[in-house]
Amino acid sequence: MISLTETARQKIGEFVAEAGAECRGVRIRAARVGSYTFRYQIHLLREADIEAADTRVPFAGFTVFLDPQTAEWMDGSTIDYLTLDTGAGFQIDNPAASPQWEDPICRKVQQVIDEKVTPVVGSHGGWVELDRVEGDTAYVRLGGGCQGCASASFTLSQGIASVITSEVEEIQHVVDETNHHAGNQPYYSP
């Protein structure tokens, strides 16, 4: 099941109250866009939008509705609402979005991706996932704004690969296994 921090409960409660009497709560949807990368939607819900198969999570003043697939993918998730200098919004901590690597080198590469790569490519609507490590080579997949982007090879060689190989001494090469022809919303179009 999901949980909401006090700040998230307050903010959702405000949105529901402002929406008026027809609003029954919020629907949260998760869409898997990679092996462990998700995109989330949170929107207000009317009675007519409630589906029989929905999982309902009641809170004081509103209910959170999840379709069956979202309920499965988001089991154990915590939703918070953050206000930072750069803006405000919901933050979702989803265990299904955190790969659990047994190999220590994979864990090192994943940490570099999480801490140094994701914030940069995420600012362009992109994401990077570690697929595997074989010998001294890390295999990655790019998605979102990075998939099909005209600058993807530069981003890989001068950004992603450079950071990974400098931070993880066991890795000498980074290979992009992305099908860039399948990208439908590249950040830069060729």
Side-chain angles (χ1 to χ4, degrees), residues 1-5 7-8 28 30-41 69-188:
M1 196 51 55
I2 66 165
S3 63
L4 303 177
T5 65
T7 309
I28 300 176
R32 186 181 289 263
V33 294
S35 297
Y36 48 86
T37 300
F38 295 87
R39 294 287 183 243
Y40 303 98
Q41 295 178 335
Q69 186 63 74
T70 296
E72 179 185 331
W73 284 338
M74 292 187 68
D75 188 35
S77 295
T78 300
I79 300 173
D80 196 3
Y81 188 83
L82 303 177
T83 303
L84 307 171
D85 292 340
T86 55
F90 291 100
Q91 176 179 313
I92 299 174
D93 179 18
N94 183 353
S98 299
Q100 302 300 313
W101 298 105
E102 291 185 24
D103 178 64
I105 297 170
C106 289
R107 284 196 301 267
K108 287 183 190 178
V109 173
Q110 186 65 53
Q111 183 176 359
V112 171
I113 290 172
D114 292 345
E115 295 175 1
K116 299 194 175 187
V117 174
T118 296
V120 176
V121 298
S123 68
H124 294 177
W127 49 267
V128 177
E129 288 186 344
L130 174 63
D131 184 61
R132 68 188 183 282
V133 170
E134 292 179 357
D136 66 355
T137 303
Y139 293 85
V140 298
R141 285 199 169 84
L142 287 67
C146 293
Q147 188 176 12
C149 178
S151 297
S153 62
F154 179 78
T155 299
L156 180 73
S157 64
Q158 300 304 306
I160 299 166
S162 177
V163 170
I164 291 172
T165 57
S166 69
E167 295 284 328
V168 183
E169 65 185 35
E170 296 89 347
I171 299 298
Q172 299 301 311
H173 310 282
V174 178
V175 175
D176 179 5
E177 293 201 320
T178 308
N179 177 358
H180 285 283
H181 297 293
N184 59 12
Q185 292 186 328
Y187 189 72
Y188 291 115

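All values below were derived from every heavy atom in this structure, side-chain atoms included, with hydrogens, water molecules and symmetry-related copies excluded.
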Provide the closest heavy-atom pair for [X] versus [Y] in the form atom of the first, atom of the second, distance.
X: V168; Y: I105; answer: CG1-CG2, 4.3 Å
X: I113; Y: P119; answer: O-CD, 4.4 Å
X: I28; Y: M74; answer: CG2-SD, 3.7 Å
X: A88; Y: Y81; answer: CB-OH, 3.4 Å

Discussion item. Show, in sequence, the C-alpha distance, side-chain angles and deciding distance for I79 and S3, and conclude whether the side-chain contact (heavy atoms from CB on, under 4.5 Å) test is met.
Written reply: CA-CA 6 Å; I79 300 173; S3 63; over 6 Å; no
Practice prompt. To the nearest 0.5 angstrom, please state how far the CD1 atom of I2 sits from the CH2 atom of W73.
Written response: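 The CH2 atom of W73 is 15.5 Å from CD1 of I2, to the nearest 0.5 Å.
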Worksheet entry | Spacing of S162 atom OG and I160 atom CD1 [to the nearest 0.5 Å] |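 With rounding to 0.5 Å, OG (S162) is 10.5 Å from CD1 (I160).
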Worksheet entry | Contacts of type ring pair (Phe, Tyr, Trp, His ring centres under 6.0 Å), residue Y36, not counting sequence neighbours |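 For Y36, no residue satisfies ring pair (Phe, Tyr, Trp, His ring centres under 6.0 Å) once neighbours in sequence are set aside.
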Worksheet item: With sequence neighbours excluded, what pairs up with Y40 under the ring pair (Phe, Tyr, Trp, His ring centres under 6.0 Å) test?
Response: none
Contacts of type side-chain contact (heavy atoms from CB on, under 4.5 Å), residue [X], not counting sequence neighbours:
X: S166; answer: none
X: E169; answer: none
X: D80; answer: T5, T7, L82
X: E167; answer: V112, K116, V163

Fill in: Pair listing, side-chain hydrogen bond (donor to acceptor under 3.5 Å, both in side chains) test, anchored in residues 97-106, at least two apart
W101-Q110
Worksheet item: By salt bridge (Lys or Arg N to Asp or Glu O under 4.0 Å), which residues pair with E170, not counting sequence neighbours?
Response: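 Result, salt bridge (Lys or Arg N to Asp or Glu O under 4.0 Å) vs E170: K108.
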Fill in: Results of salt bridge (Lys or Arg N to Asp or Glu O under 4.0 Å) for R107 - residues two or more places apart only
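Expected list: none.
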Contacts of [X] that satisfy side chain to side chain donor-acceptor pair (under 3.5 Å) - sequence neighbours left out:
X: E115; result: Q111
X: D136; result: none
X: T137; result: none

